[in-house]
Amino acid sequence: MAFEYRKGERKIVKCLLDSTSAAIVVGDAITVTNATAGYFKEVDAASEAVSGIATSASSSPSADGDLFVMVDISPLSIYEVPPDAGSVTQALAGASADCGANARSVSITASSTDDIIILEALVAENLILVRLAPTFTGVV
């Protein structure tokens, strides 16, 4: 299961994919971390900052910018997502977190980028409702 859109105002932008990107499915978390400058890829490691959530799919590109995905960058969009490991508890509500290293979950055991806000814990379903709180780096 990936990030599943539930509600909120979406802002969709086109993001060109890095040649190292794996195939993208709808709901994958997208990042610029460890991609060639100006290109995007799926989150595939801990502590990669989330730029947005894919709203379209793509195969793996053969060159930088060869393919693209449409990405929701809105901090108003709410997504339902599983934890990368462990069990959801009510204590998670209101906490910040990182994306799991598979682009399709949230790490509930450690955080460094804190760019995902947990809004609600769905304990019985072992899922959480989240929104993005993106962070950015300067151009220099």
Side-chain angles (χ1 to χ4, degrees):
M1 180 173 152
F3 284 75
E4 290 195 28
Y5 174 75
R6 290 296 175 236
K7 61 183 174 181
E9 183 180 346
R10 292 175 125 180
K11 296 292 181 192
I12 311 294
V13 298
K14 180 179 177 179
C15 294
L16 298 175
L17 292 175
D18 185 80
S19 63
T20 64
S21 181
I24 304 291
V25 301
V26 172
D28 276 357
I30 305 299
T31 186
V32 296
T33 306
N34 297 321
T36 303
Y39 297 97
F40 296 79
K41 66 176 197 60
E42 84 291 355
V43 171
D44 64 357
S47 303
E48 290 187 338
V50 177
S51 300
I53 305 298
T55 62
S56 67
S58 176
S59 56
S60 181
S62 57
D64 289 343
D66 189 32
L67 299 173
F68 68 89
V69 289
M70 302 306 289
V71 176
D72 179 11
I73 60 166
S74 175
L76 301 177
S77 297
I78 297 174
Y79 288 88
E80 183 180 278
V81 63
D84 64 346
S87 298
V88 169
T89 66
Q90 185 57 40
L92 293 170
S96 61
D98 293 1
C99 185
N102 63 358
R104 299 175 184 165
S105 63
V106 170
S107 174
I108 60 170
T109 57
S111 64
S112 61
T113 58
D114 294 311
D115 51 9
I116 295 174
I117 305 299
I118 300 170
L119 302 171
E120 186 176 341
L122 307 173
V123 177
E125 296 89 351
N126 201 39
L127 296 169
I128 50 180
L129 294 181
V130 303
R131 73 170 181 83
L132 299 181
T135 57
F136 302 94
T137 57
V139 295
V140 290

Hey, quick one: are [X] and [Y] part of the same hydrophobic cluster, counting side-chain heavy atoms closer than 4.5 Å, chains of contacts allowed?
X: V32; Y: I30; result: yes
X: L92; Y: L122; result: no
X: I12; Y: F40; result: no
X: I78; Y: I117; result: yes
X: V71; Y: I116; result: no

- Query: Who are the side chain to side chain contact (heavy atoms under 4.5 Å, CB included) partners of S19, not counting sequence neighbours?
  - Reply: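 Result, side chain to side chain contact (heavy atoms under 4.5 Å, CB included) vs S19: D64.
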
- Query: For P83, what residues pass the side chain to side chain contact (heavy atoms under 4.5 Å, CB included) criterion, not counting sequence neighbours?
  - Reply: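 Checked P83 against side chain to side chain contact (heavy atoms under 4.5 Å, CB included); matches are V88, I108, N126.
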
How close do [X] and [Y] get, heavy atom to heavy atom, and via which atoms?
X: A54; Y: V25; value: CB-O, 3.8 Å
X: A97; Y: S111; value: CA-CB, 4.0 Å
X: P61; Y: S21; value: CD-O, 3.6 Å
X: A57; Y: V69; value: C-CG1, 4.2 Å

Check whether [X] reaches the backbone of [Y] with its side chain - one donor and one acceptor, N or O, closer than 3.5 Å.
X: S107; Y: D98; result: no
X: T31; Y: A49; result: yes
X: D84; Y: S105; result: no
X: D115; Y: V50; result: yes
X: S56; Y: M70; result: yes
X: D72; Y: I53; result: no

Interatomic spacing from [atom1] in [X] to [atom2] in [Y] - rounded to 0.5 Å:
X: L67; Y: S62; atom1: CG; atom2: OG; answer: 7.0 Å
X: F68; Y: L16; atom1: CZ; atom2: CG; answer: 8.5 Å
X: L129; Y: E120; atom1: CG; atom2: CD; answer: 5.0 Å

- Message: Could you walk me through whether I128 and V81 satisfy the side chain to side chain contact (heavy atoms under 4.5 Å, CB included) test, starting with their C-alpha distance in whole Å, then the side-chain angles of each, then the deciding distance to 0.1 Å, before giving a yes or no?
- Response: CA-CA 6 Å; I128 50 180; V81 63; 3.8 Å; yes

- Message: Would you say T20 and D18 are linked by a side-chain donor-acceptor pair, where the criterion is simply a distance under 3.5 Å?
- Response: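 Their side chains do contain a donor-acceptor pair, which is all the 3.5 Å distance test asks for.
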
- Query: Mind checking what makes side-chain hydrogen bond (donor to acceptor under 3.5 Å, both in side chains) contact with R6, not counting sequence neighbours?
  - Reply: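 With neighbours one apart ignored, the set is E4, E80.
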
- Determine whether F3 and C99 make a side-chain contact, defined as any pair of heavy atoms from C-beta on separated by less than 4.5 Å.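 Yes, side chains in contact.
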
- Task: Kindly indicate whether the side chain of L132, heavy atoms from C-beta on, has any atom under 4.5 Å from the side chain of I73.
- Result: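 The answer is no; the side chains never approach within 4.5 Å.
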
- Item | Test side chain to side chain contact (heavy atoms under 4.5 Å, CB included) applied to S77 and K11, K7, R10, the passing residue |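 Per the side chain to side chain contact (heavy atoms under 4.5 Å, CB included) rule, the option paired with S77 is R10, out of K11, K7, R10.
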
- Item | Partner residues of Y79 under the ring-ring contact (aromatic ring centres under 6.0 Å, His included) criterion, sequence neighbours left out |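 Y5.
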
- So which pairs with a foot in residues 86-96 pass side chain to side chain donor-acceptor pair (under 3.5 Å), sequence neighbours left out?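 Every pair satisfying side chain to side chain donor-acceptor pair (under 3.5 Å) with a residue in residues 86-96: S96-D114.
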
- Message: Any carboxylate oxygen within less than 4.0 angstrom of a Lys/Arg side-chain nitrogen, looking at R104 and D28?
- Response: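 Result for this pair is yes, salt bridge flagged.
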
- Pairs flagged by salt bridge (Lys or Arg N to Asp or Glu O under 4.0 Å) wherever residues 34-57 is involved - sequence neighbours left out: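 Checked against salt bridge (Lys or Arg N to Asp or Glu O under 4.0 Å) - neighbours excluded - the pairs reaching residues 34-57 are K41-D44, K41-E48.
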
